Each structure stands twice: as C-alpha cells, then as structure tokens.
Protein chains: 2
Amino acid sequence: MNEDVKDLNLSVVKAFTLLDAFTMDKQEWGVRELALKKGYNKSTTYRLLNTLESLGVLQKNDNDKYLLGLKLFELGNLVAIHKTLRKYSRTPLENIAREIKETVHFGVLDKNQVLYLNKTESPQGLKVSTQIGSYQKAYCTAIGKVLLAFLPEQKITNYLKAVSLDACTANTITDGEALQKELQKIRAQEYALDMEELELGLICIAMPVYNNKRQVIASISVSGPSSRFKLENIENYISIIKKGAQAIEASMH
Amino acid sequence: MNEDVKDLNLSVVKAFTLLDAFTMDKQEWGVRELALKKGYNKSTTYRLLNTLESLGVLQKNDNDKYLLGLKLFELGNLVAIHKTLRKYSRTPLENIAREIKETVHFGVLDKNQVLYLNKTESPQGLKVSTQIGSYQKAYCTAIGKVLLAFLPEQKITNYLKAVSLDACTANTITDGEALQKELQKIRAQEYALDMEELELGLICIAMPVYNNKRQVIASISVSGPSSRFKLENIENYISIIKKGAQAIEASMH
DNA sequence: AAACAGTGTTTCATATAATGAAACGTTTTA
DNA sequence: TAAAACGTTTCATTATATGAAACACTGTTT
C-alpha cells in the first residue's frame with residue numbers, strides 16, 4: 001500500500017494484492033467479498049479479477065467464485081532460484097522420512113523468514129503439515145535457528161533489530177541475548193532443537209546443508225509430536241539427517 | 001493484446017505479458033531488451049518491472065537483470081486445482097520409473113493442450129526431460145492422445161476444429177479422420193502409443209487415470225529413446241503403468 | 001584521455017485509461 | 001412477493017499511466 005512512493009504501477013500492485021487474499025484457508029473469493037476485504041471498489045475489483053481470469057492467473061469455479069489459476073502454477077515452476085535445491089533435496093528427504101517416519105522439511109532463509117522449499121510427510125496419522133512455498137518465523141523453529149546461526153554476525157545483528165521475538169509458546173526464546181547464546185550453541189553442535197517453541201506438543205530437530213565453500217545454504221528438519229519424539233533418539237536422528245544433508249551436498253558439487 | 005475488448009486492465013495485462021517472457025531458455029531480462037521484445041516503451045517496461053520487483057514477483061540478479069521471484073513460487077504452490085492429483089501421483093510415478101527405468105510423466109488436458117503436472121526422470125543418461133507446468137501438443141503425444149480419446153465426442157470435435165494438426169515428424173497424424181480412428185483404437189485398447197510422432201527417436205506409451213465415476217481425469221506416460229523402447233516389452237510396460245494408475249485412483253477415493 | 005555506446009533511471013506535459021456511484025439484470029433467501 | 005444478495009455495465013470525471021527526451025552511470029573503443 002504505502003510503499004516508498006517509488007512510482008509503482010498501482011493497478012499491478014492492486015492485482016497482486018488481490019492475489020494475496022488467496023490462501024490455503026480461503027481458496028475461493030467472490031467479487032464483493034474480496035472488494036470489501038481489500039477496501040477496493042466493487043467495479044475495480046471486478047475488472048481486475050476479470051483481467052486476471054482472462055490471463056489464466058485466476059479461474060472461475062462452478063459457484064462463480066474465483067480460484068488461483070494454472071498460469072501461476074506454470075510461472076511458479078519456472079522460478080529458477082532454489083529450483084536446483086528443491087530438485088536435489090527430494091530423494092534424500094524421502095530417505096530420511098522412511099527411516100525416521102516423521103515429517104521432513106527443507107528450507108532456506110528468505111526475507112528474515114524460513115521459506116519451505118520441499119517436504120516429505122510422515123506416513124503416520126498424527127503429523128506436521130506445512131505448505132511448500134510458505135513462510136515461517138525463523139527464531140522459534142529448528143530449521144530457522146540453524147539458518148540464523150550460520151549467518152555472518154552482522155546479518156544476525158540486523159535480524160535481531162528487524163524482527164520482534166514474540167512468544168508463540170511459553171518456551172519461545174523472546175530475548176535477543178538468549179537467542180544469540182542459543183545460536184552459538186547451535187553452531188558448536190551443528191544441530192538445532194525446537195522444544196515446543198513454535199507450537200505446544202511439537203518438537204523439531206534441524207541440521208545445516210553446506211555448499212562446496214562450506215557455507216550453510218539450506219537446512220533440513222524433522223518434526224514430530226512430543227509424544228513420539230524422545231530425546232534418547234536424537235543421536236540416531238542426527239546421523240540419519242546428516243546422511244541426507246551429505247547426499248544433497250554431494251549432488252550439488 | 002487484441003483481446004475481446006472486454007474492458008481489461010491494460011497494465012495488468014502488460015505485467016503478465018512481461019512475465020511470459022521469462023522461460024526456461026531465457027531466465028533473465030534487462031529493461032531495454034524486454035521492452036524491445038514486447039514492443040513496449042522503455043519507461044513503461046522499467047516501471048512495470050520495478051513494480052513487480054517491489055512485490056517479490058521478480059527479483060534482481062547481480063547483473064541488474066530481472067529473474068522470476070519467490071512470490072510466484074509461493075503463489076504457484078497454492079494453486080488448488082490439480083494439487084491433489086500431483087500429490088497422489090508422486091509415489092506411483094516413482095515406482096513405475098524404478099521398474100521401467102524410463103522417464104514417467106503425469107498430465108491433464110488444459111486449454112486443448114497437455115499440461116504436465118508431475119514427472120519422475122529416468123535414472124539413465126539418455127532421457128526425456130520436460131518442464132513441470134509446461135504445455136505440449138496433445139495430438140502427437142501418447143499422453144495427449146489418451147486424454148483426447150476419452151473426451152466426450154463433442155469436445156473431440158471442438159478440439160479438431162480449434163487445433164491445426166501440424167506435422168512434427170513424418171509420423172505425426174495430421175489428418176483429422178485418421179486421428180479420430182486412432183482415438184477410437186486407444187479407447188478400445190486403453191493405452192496410446194506415440195511412435196516418434198512428436199520427435200524422431202522418441203517413443204511413448206500412455207494410459208488413462210480414472211476418477212471414481214470412471215471418467216478419465218489424467219494420464220500417465222512412459223517415454224524413452226527408440227533404441228531402448230522395444231515393442232515386445234509393451235505388455236510388460238502396460239501392466240506396470242496400470243498398477244501405478246490404479247494406485248493413484250485408489251488414493252483419491 | 002576522450003569519445004562512444006551501452007546500461008538503468010528520472011522528468012514532465014499530455015491524453016489515455018482506470019475509477020466509482022449508480023443503475024441493471026439475475027439468482028438466492030426471507 | 002419482497003427483499004437481499006450477487007455479478008455486471010454504464011458514463012462522466014480525474015487520476016494515473018504514458019513516452020520522448022534528458023540524465024547518470026558503466027564499460028569499451030578509439
């Protein structure tokens with residue numbers, strides 16, 4: 001909305017603002033409700049949606065409601081950045097999931113958040129389910145803490161300045177200095193734990209993935225309910241995840 | 001450009017027209033070259049690209065060139081339609097690829113073309129490689145012919161009216177009546193062959209995937225070089241593909 | 001060292017094209 | 001039957017996208 005007054009094309013901004021309303025939780029929108037939600041005029045909204053539909057960016061449901069269209073699927077699959085990472089992470093993630101039988105995630109840091117690039121879901125009924133392409137807070141997830149830990153010091157400082165460490169549960173680290181200490185520990189042990197810091201009952205363990213210059217470029221995490229996730233298994237989990245990380249690293253060299 | 005004069009928002013149309021220039025073959029664009037390519041004014045192009053960048057739809061390279069951005073990755077992963085199909089096709093496709101050791105594709109019909117929703121690549125060096133989310137002609141691919149064959153008769157007629165059957169190789173079926181006969185044969189035998197009709201040296205075999213109303217909603221194909229693809233194996237391939245198709249069907253019920 | 005060709009970027013007067021209140025035509029609900 | 005919801009169209013208004021030209025910068029060529 002209130003951008004840097006950078007001479008942007010307002011129609012295009014509006015169009016993508018409308019698209020942002022389409023989420024996992026609300027996949028369909030009618031003209032009026034979307035106009036109301038975004039505070040745009042009915043006519044404007046109608047014409048923008050109409051335009052987006054004619055481009056294949058949206059498509060109409062049976063109910064005359066709009067849905068995200070296949071043009072976005074097409075464009076999304078062309079996004080070059082991280083594409084290689086996604087491709088090479090697939091098999092290793094599946095191997096980890098097969099051994100540990102919990103949901104495995106693969107992500108990178110983008111705009112101070114964790115961006116999930118890939119996943120393999122646990123075969124069990126009770127499991128974590130995250131949307132590929134979605135973002136999550138970095139400071140209270142195992143995967144995010146790994147990615148933060150191996151950032152250059154200046155960038156960690158910037159992160160702490162930019163982000164407010166809100167509590168998600170009673171376990172969330174909400175103090176900057178405490179987080180710094182935690183990151184230091186993670187660098188030393190080369191893995192991170194999330195002990196119900198994002199969500200009660202949810203425990204994760206994450207490890208870094210390196211490029212050939214030994215920079216951390218991504219992270220793998222395993223997530224499961226606290227009822228199944230016993231601390232005595234951690235050593236075992238670590239060696240399995242490590243193997244997966246190395247497989248990804250090898251395929252990129 | 002010359003749409004149905006449907007009162008579209010031209011800026012939005014232009015924005016997506018610019019995005020269409022980003023393909024697998026050309027992933028980066030500068031302002032001037034893109035303006036030239038699309039016939040837009042430099043300033044207009046500059047501002048549109050700028051707008052798209054500020055939205056995360058594009059991002060800048062080191063060279064000041066633009067690349068498709070993560071916003072599109074995010075949106076692409078939210079496209080609901082066919083998402084279920086993609087999810088449930090993954091494991092069966094991998095099983096087929098493991099047994100046959102050739103590239104396996106999974107697609108649907110969209111706008112008179114085959115839309116590739118998923119794939120598993122052959123482990124062998126010489127292999128077919130298709131872009132997920134990309135489109136291909138239906139009439140000269142095995143997967144496309146299966147999808148056409150099980151369309152309602154009226155829709156087949158419409159297809160033949162709308163599409164011109166251009167020859168891709170000497171084997172391409174370019175005659176409407178001949179294609180009708182071919183589709184009839186495919187319906188009877190429940191599989192389609194592409195005997196180098198799209199590309200010389202490339203042979204494919206495809207079979208339908210049904211929903212619980214016994215309508216064909218998607219198709220699986222196996223593609224390989226004619227040097228490896230022997231006709232005496234077809235019976236074997238068919239039973240393997242069939243098993244995969246049934247696995248997908250079962251998981252959707 | 002100077003001129004040149006290539007970028008991306010900014011300016012500003014102009015006219016095009018997006019805008020929104022209101023009216024319209026359907027369908028769904030009361 | 002009325003009312004309320006929806007998507008859609010109209011049309012005068014003015015806000016906003018436009019493009020030629022100038023600008024700033026970079027790397028290359030003379």
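Order of the sequence lines sets the chain letters (A, B, ...), proteins ahead of strands, with each chain counted from 1. Note that the structure is a prediction, hence the values are computed from the model and not measured.
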A:Asp166 side chain to A:Ser164 side chain, donor-acceptor N/O pair below 3.5 angstrom = yes
inquiry  = Working to the nearest 0.5 angstrom, can you tell me the gap between A:Lys71 NZ and A:Glu74 CD?
reply    = 4.5 Å
key: Pairwise distance CG(B:Leu183) to OH(B:Tyr159) - rounded to 0.5 angstrom   = 9.0 Å
message = Of the options D:dT8, C:dG20, C:dA18, whose atoms approach the side-chain atoms of A:Tyr46 most closely?
response = D:dT8
inquiry  = What is the distance, to the nearest angstrom, from the CG atom on B:Leu48 to the C1' atom on C:dA17?
reply    = 14 Å
query = OP1 or OP2 of C:dT19 sitting under 4.0 Å from any side-chain N/O of A:Lys14?
reply = yes
inquiry  = Expressed as a whole number of angstroms, how long is the span from A:Tyr66:OH to D:dG7:P?
reply    = 8 Å
Please tabulate, one pair per line, each protein N/O and nucleotide N/O from nucleotides 22-24 of chain D that are separated by under 3.5 Å, including the distance.
none

request  = Calculate the interatomic distance between A:Asn41 atom CG and D:dT8 atom C1'; express it in whole Å.
outcome  = 13 Å
A:Thr44 side-chain proximity, nearest of D:dG7, C:dT19, D:dG19 = C:dT19
Whole angstrom value for the distance that separates P of C:dT27 from NZ of A:Lys65 = 17 Å
note = Nearest-nucleotide check on DNA chain D, A:Arg47 vs A:Val12; residue mapping nearer the 5' end is A:Arg47
request  = Measure the spacing between OG1 of A:Thr45 and NZ of A:Lys14 and express it to the nearest 0.5 Å.
outcome  = 8.0 Å
message = If I take atom CG in residue A:Asp64 and atom P in nucleotide C:dT27, what distance separates them, rounded to the nearest angstrom?
response = 11 Å
remark   = Looking only at C:dT11, C:dA22, C:dA18, the nucleotide nearest the A:Ser43 side chain is C:dA22
inquiry  = Could you tell me if A:Ser43 and A:Asn41 have a donor-acceptor pair between their side chains, going purely by distance under 3.5 Å?
reply    = yes
request  = Starting from P on C:dA15, measure out to CG on B:Leu10 and report it in whole angstrom.
outcome  = 18 Å
key: Whole-Å distance separating the CG atom of B:Asp7 from the C1' atom of D:dT8   = 10 Å
ask   = At under 4.0 Å between heavy atoms, what does B:Lys60 touch on the DNA or RNA strands: base, sugar-phosphate, or nothing?
value = sugar-phosphate
inquiry  = How many whole angstroms separate atom CD of B:Glu28 from atom P of C:dT7?
reply    = 14 Å
request  = Answer yes or no: is there a side-chain heavy-atom contact under 4.5 Å between A:Glu121 and B:Lys87?
outcome  = yes
inquiry  = With heavy-atom distances below 4.5 Å as the criterion, would you say the side chains of B:Gln136 and B:His105 are in contact?
reply    = no
